[in-house]
Every structure is written in C-alpha cells, then in structure tokens.
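Structure first, commentary second.
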Amino acid sequence: MLVRKTVRIPVHYETTKSKLDRLGRLTARLTYCISLINGLVSPETSLDRKTLRRLVKDNNIARKTGLSSGYVDQCIDRVLWAWRSYEDRHGEWRYRYDRALEELQNAGDDGREKLEKRVKRLQENEPSTPVFLHKVSCRLDFRTGRIERGENSFLLWMHVSTLEKGETMDVPLNPSYYHLKQLEGAMISDFEIIRKNGKYYAHISTTRFVDTRITSSYGGIDQGLNRTLAIVLLDEVPREELLYDEKRNMLDKYDDIIASLQSAMASARHVEPRKLVEYHKMSRKLKQLRGKRNNVSVYHDWLLANKAAEYTDGYDIAIGNTKFRQTQYRGNGMPSLRKRIGKWSYGRQRIFIAHKRAERGLTTMLVDERNTSNTCRCGSRLVARKYHDGASWLLCHSCGSKLDAGLNAAYNIALRCRDDRLKVRMNAAENRASA
Ligand SMILES: [Zn+2]
C-alpha cells in the first residue's frame, strides 16, 4: 500500500538575501496568479483543466503575471482543488439544508421551533466560495522545480525556476536527521514553498510503498471523551487497553489562559475607544496562543496515534466512525459535553492512527459505530450509562455486568471488524468457487 507523507523542511538559514528576495517575489507572483484565476471561476464554471486553461488563455493571465506556462498550470490546479473541495462541502451542506427544510415542512407544532433554529443555523453556515486574501502556495512538480540531494555542506536543495525566463536557482534546505530519514527510499511527487513566521519552508509530499501485511487477528478502537482510546484485541482471551493522552494537563493550561483572555476581551470591547489598542494586542496574543495550543495538540495526537499503532501491531483494526460531533450544536442543552468534545478532533485522531498503522503495512477500517456503545457484551441492549470518577460505565440489566463503556464499545467494534472481514473473505471464496 502507498503511504503519503508531507515532510516540512526549513530553507537553510545561510541562504543569501538575494535568493530569499527572489523566493519572495516568486511566491508573491504565484499568489497573484492564483487569485486572478480564482476571479475567473464562478459556481457555474465547469471544474476541469480544459475549461480553466481556456479561461486563463482568453484573459491573458500568463502575460499579466509574467509566469511560465508550467507555473500557470500549477496555479490552475490549486484553484481547481479549492473549488472542488468547495463543491464537496457545499453539496453536503445542500443535502443537509434541504433535508432540514423538508423536515420543517412536515413538522408538527411541537418540533417546529427546534427545526426553525436548525434551518436558520444552516443558512448562516452555508460554505462560501474560495477566496485567496493571504499568501497562498501551489504544488510545484517537475515542470518548475525539484528537490535534489547535495554532496557538500548542504544536504538538500530546492531547485526552482525563477521569474526570469529560462533561469533557475538552487535554494539550500536545512533538513534534520529525521527529515532525511523520512525522504530515504520515498518518491517525491511535488512540493510547496510555504512562508511561516517570516521563514520559508519546503513542504515535500512523499510517497512510499509499504508491503501490506495480511493478518487474521482483529481488534477495535473506540475514541472516548477526555482524549482516551479504548482498544480491544480479540485474542483467545480478549486483551484490553486504555490509552491516555498523558500531557492533557498542558492543553488544559492553554485552554484556561485562552478562556481568561477571551473574557477580558469581551469586557474590553464595550469600553471607551482608547482601550482599543489594548484590545487588538489581546487579540493578537489570542491568535498566537491558539496557534501554539494547536501545535501542542497535534503533537500529542501523533504520540497517541503512535502508541495505538504499536499496541495494535499485527491486528486488523476498525475504528468506530461517528457523526456524533456534527450533531452537537449550540443550544442543545449539553454545553459541557460539547466543550469537551470540541477540544479533541476525532477525525484527525482517526487519520493519524490509520496513518501510523499504514507505515507498518496495516490497514485500518472505519465501521458504523451505531449501537456499539449501548449493547452489552452479552448482546443485550437493556443497559444504563453511569458517569463515575471521570469514567463512563455501562450497567447491564440482563447479565448484571458493570463494564467500562469505552472498552465495551471497542469490543463491539472489534466484533464488527471481524465479521466484516470474514464476510469479505467468504464472498471472495464463493466468487472463486463459482468462477
Ligand atoms: Zn449484559
């Protein structure tokens, strides 16, 4: 199976100023080109390369931007990508909006108010068409540049075409040992030049082929509240493990500072204008803090994913897939629960786990999570949920057991994983028999 990964390597600090200036001009011109092309696209435009290339040609974009056709093509791809993902988001939104409208039309008096609120909220949240107000990058491939290994003091170079026709330049990168390890034996498909906090980085997309391992053991993962993972492996005696994000306190600390800053800002907003400067200072600080918090959070999600991949090595694993997060909205009377859920991105954690497992040649599947949390191991659904000591318990009225709700759900997910895989194998065997 193919494992894709982006490796982010800073441009070397010894890069000359003139090269950095040229890099600055190039990335600014690309941003300009992308926003010009974006201006030619509307929701009615058919989203394919041919149409956009014609629009670009008719509007003299290449002459206006002075970019080579390779660069212009890559800008087209960037705009296409943005509009396609907008279409996806909008299509999903439209589906939900239409359904909400339909429900509202058929609603009786008691459900009406709630549905009206939902329709209004959806109206406010209609996805907007792509805009490029800030610096934006596009993927650069062999047409305009490549990443090369060096032999002397600089180990890695970014080779790119410049704005001057036929001229290229070589920018040294500053990879760490870890970066080089990531690039070893991987194919480089393309890269982006990204500017962050005044520094340039090459974001290199790599593809690596990993042999898929066939396993015949199964397991399940349930993502719980409070950033825990409940894992059950179906051995002769099922093995269970709860993985915690150990550094959660650090995130809580960030959350506390952010919350107090937010409330300070809320009160500053309503006082005299001379406090405005202070307000803007706070809002800058807030942005910084959020960025830092996000970095910490992503880092710990990787750590947790790594632990999960290690624990589940050699097993076929399913993760419960849920729309639970999307159904939590403001005003449903569960503010504290929503807050706890909001702190952890379930989707991101799932992707990280699948990724870490893929690096080991293991596939991960998503299964429908419905009823996995309210069915006891004995098969009964006559259960009650109890919260106690920060954990959630399942009390079964049929068999009388008291189970950790997360582990119980993971167990049910593991069963689903096994049943699914066995079904697939049986079907394959039947097909072979009938062929
Ligand atoms: Zn039971």
Side-chain angles (χ1 to χ4, degrees), residues 215-245 248 304-305 307-328 332-334 336-341 343-344 346-347 349-350 353-354 357 362-427:
T215 54
S216 52
S217 315
Y218 306 93
I221 299 181
D222 179 67
Q223 301 169 285
L225 292 174
N226 298 325
R227 308 172 61 82
T228 57
L229 294 176
I231 305 180
V232 170
L233 302 176
L234 296 180
D235 290 325
E236 271 169 53
V237 178
R239 274 200 289 153
E240 311 180 324
E241 182 79 18
L242 278 171
L243 297 183
Y244 297 94
D245 177 3
R248 210 183 125 225
L304 197 60
K307 272 200 264 178
E310 219 163 85
Y311 188 75
T312 60
D313 197 310
Y315 288 79
D316 238 356
I317 289 288
I319 304 183
N321 191 19
T322 167
K323 293 271 176 188
F324 185 52
R325 191 168 187 268
Q326 281 95 314
T327 61
Q328 302 293 313
N332 68 347
M334 304 166 82
S336 66
L337 182 61
R338 196 190 62 235
K339 206 173 152 198
R340 271 191 292 166
I341 292 167
K343 279 184 195 172
W344 191 21
Y346 286 82
Q349 185 69 62
R350 276 200 290 271
I353 293 171
R357 283 174 47 79
L362 295 160
T363 53
T364 307
M365 68 177 192
L366 296 177
V367 297
D368 185 357
E369 201 178 48
R370 238 173 302 161
N371 293 329
T372 53
S373 61
N374 61 10
T375 308
C376 174
R377 286 187 187 194
C378 72
S380 165
R381 270 191 220 156
L382 289 168
V383 293
R385 290 283 284 259
K386 283 270 170 348
Y387 293 91
H388 183 63
D389 274 350
S392 164
W393 299 91
L394 202 74
L395 306 173
C396 178
H397 298 305
S398 301
C399 70
S401 39
K402 182 190 178 197
L403 303 161
D404 179 280
L407 289 172
N408 182 66
Y411 179 78
N412 287 325
I413 291 166
L415 290 184
R416 263 178 212 190
C417 174
R418 188 189 62 192
D419 294 350
D420 250 59
R421 285 291 147 102
L422 292 182
K423 222 187 289 171
V424 168
R425 270 176 212 169
M426 255 161 55
N427 286 345

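All values below come from the heavy atoms of this structure, side chains included, with hydrogens, waters and symmetry mates left out. For ligands, and for the atoms within them, numbers begin at 1 and follow the listed sequence.
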State, with a plain yes or no, whether a side-chain heavy atom of [X] is found less than 4.5 Å away from one of [Y].
X    : Y    : answer
S401 : C378 : no
C396 : L403 : no
I317 : L362 : no

When you compare the side chains of T312 and R357, does any donor N or O come within less than 3.5 Å of an acceptor on the partner? yes
In Å and rounded to the nearest 0.5 Å, what is the CD1 to CD distance from I413 to E369? 5.0 Å
Near the Zn ion (ligand 1), meaning under 2.8 Å, the protein N/O/S atoms are C376 SG, C378 SG, C396 SG, C399 SG
In sequence, state the C-alpha distance, the side-chain angles, and the governing distance for L234 and Y411, and then conclude on side-chain contact (heavy atoms from CB on, under 4.5 Å). CA-CA 8 Å; L234 296 180; Y411 179 78; 3.9 Å; yes
